[in-house]
Amino acid sequence: MKILLTGGAGFIGSHTAVALIENGFEPIIVDDFRNSEPFVIENIEKIVGKKITSYASNIGNKKEVKEILQKENPIGVIHFAADKAVNESVVNPMKYYQNNVLNLINFLEIIDSIKIESFVFSSSCTVYGVPDKTPVKETASIKPAFSPYGYTKQVGERILNDFFKSLPSSSLTLLRYFNPIGAHPSGLIGELPIGVPSNLVPYITQTAIGKRKKLTVFGKDYDTPDGTCIRDYIHVVDLANAHVSALEKGLKSKDSIKTLNVGTGKGASVLDVITAFEKVSKQELNYGFGPRRAGDVPKIYSDNTLIKNELDWDAKFSLEDCLEHSWNWEKNLLKFKYKSEKKQD
Ligand code: UFG
C-alpha cells in the first residue's frame, strides 16, 4: 500500500519512511530538498535494504504533484512538508504563510480529486501556547499563537478539519508533537539543523563535538524544581511509529477526525537533558547560564492518555536512549558532506 510522504527526507519524515517500510507500506517521498539532503534517501535505503521511490518536488507545484499522485495513486498521505523554525517565522512570516498555509491549500485542492483514505498531519504542541495546566490534554484551550509558525499550525489544523468534514470516506489524524529528539539507532539518519541550531539537543551535541564553544541554558529562575524550563522530549523513532499507527487506524476507521498529543507524558528540565547527555557521552558538557529566551514556555508536557488508548501506542525509548542516539548521529555526521553544514557560522 502506497503512502505519500510530503517532506519525507526531513528529520521526522525520514524516520517515518523507515517505520512505514517495517510495517509493510510503500512510502513515496516528495521533498524539494530545500532543508534536507539527498543522501538521506540513500541512507533510508541502507537501513531497509531496498530502493525507495522519491521525487524532488515542492508540494506547492500543483502540476508536478498532481502527476505524481496520478502515477502513484497512494491510499494515504502523511504531510510533513513545512518550515519549522520559530525565530525565522517571526523575521520572515510570509515564507511561513506561503509554505505552511498556501501550499497546504494547493495540495488539498489536488488531493480532492483522488481518493485518500487516511491523512496524517504534522502539528505541534505549539498550538497550546502557554497552557493553563500541565500535563496538557488535547481538549486544552488553544491560545493565541506566539509566532507565525505556531499560527500556521493552528490554521493548518482548522483548514484540514473543515476539508475532511466534507470527505466522508476519508479519515484525518492531527498529531501534536511535543519535542522530537534522538536519531535512528543505526546512526544513518537524524536531524540536520541548518546553520546555528536553535533547538537544545543539536546545540548540545554540536558543543560536545566542538562545532560550538559553549551551550547557554536560557534562564535558571523559572518556577520549576531546578529553575530551568521543562519539556516533553520524545524519540523520533517513537514519533515515527505513532504516524504509522495513526495511518493504520485511519485506514480502518474511515470518516473520523482525531487530534492526538504525541509525547512521553513526562517532563524533563534543560538540566535533566544535560545530565543525561553527560552520562551517555561520558564527557562533561561546556555550558553556562544566560537570560531567559523570549517566548519560552516555562513548563509543558503531554497528557498522552488519548493516543495510548486510541492507537495502542506508547513511547519506548528513554531520555538517555534519545541522547545516546543523537550523540551517535552527531559523530557519524563527520562522514557526510551536507549543504546545511556549509551555512554554519
Ligand atoms: N534551550 C536552551 N539553550 C539552547 C536551546 C534551547 O537552554 O541553546 C532550552 C529552551 O530555552 C527550552 C528548551 O531548551 O527551555 C527546549 O528548547 P527547544 O528550542 O529545543 O524547543 P522548544 O520547546 O522551544 O521548541 C519546540 C520546537 C518548536 C515548537 C515548540 C512548541 O522546536 O518547533 O517546541 O513548544 F514550536
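Heavy-atom basis, side chains included; hydrogens, waters and symmetry copies ignored. As the structure lists them, so they are numbered: ligands from 1, and atoms in each ligand from 1.
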*Asks:* Is it the case that Arg231 places NZ or CZ above or below the six-membered ring of Phe178, under 6.0 angstrom from the centre and within 45 degrees of the axis?
*Replies:*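 No.
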*Asks:* Who gets closest to atom 29 (C) of ligand 1 by heavy atom: Ala268, Ser124, Pro180, Ala294?
*Replies:*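 Residue with the shortest heavy-atom distance to the ligand atom: Ser124.
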*Asks:* Where does Tyr149 meet ligand 1, judged by heavy-atom distances below 4.0 Å: at the side chain, the backbone, both, or neither?
*Replies:*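 It is the side chain that touches ligand 1; the backbone stays farther off.
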*Asks:* May I ask you to list the residues sharing a hydrophobic cluster with Val86, side-chain cutoff 4.5 Å, ordered by chain and number?
*Replies:*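 Noted: Val86 shares its cluster with Tyr96, Tyr149.
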*Asks:* Checking a contact table here: which protein heavy atom is nearest atom 9 (C) of ligand 1, and how many Å away?
*Replies:*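 Among all protein heavy atoms, the one nearest atom 9 (C) of ligand 1 is Val270 CG2, 3.8 Å.
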*Asks:* Is the contact between Tyr287 and ligand 1 made by the side chain, the backbone, both, or neither, using heavy atoms and a 4.0 Å cut-off?
*Replies:*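 The answer is neither; Tyr287 stays 4.0 Å or more away.
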*Asks:* If you measure from each non-hydrogen atom of Asn179 to ligand 1, which part falls under 4.0 Å: side chain, backbone, both or neither?
*Replies:*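 Only the side chain of Asn179 comes within reach of ligand 1.
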*Asks:* Report yes if the distance between the aromatic ring centroids of Phe119 and Phe164 is under 6.0 Å, otherwise no.
*Replies:*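 For Phe119 and Phe164, the ring centres are under 6.0 Å apart.
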*Asks:* Minimum distance, heavy atoms only, to atom 8 (O) of ligand 1: which one of Ile230, Leu215, Ile181 is it?
*Replies:*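 Minimum heavy-atom distance to atom 8 (O) of ligand 1 goes to Leu215.
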*Asks:* Any chance the rings of His243 and Tyr177 have centres within less than 6.0 Å?
*Replies:*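 Centroid separation for His243 and Tyr177: below 6.0 Å.
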*Asks:* If the test is side chain to side chain contact (heavy atoms under 4.5 Å, CB included), which one of Cys125, Ser124, Ser147 qualifies with Lys153?
*Replies:*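 Output: one option passes, namely Ser124.
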*Asks:* Using a heavy-atom cut-off of under 4.0 Å, does the side chain or the backbone of Ser198 touch ligand 1, or both, or neither?
*Replies:*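 Near ligand 1, Ser198 shows its backbone, while the atoms from C-beta on stay back.
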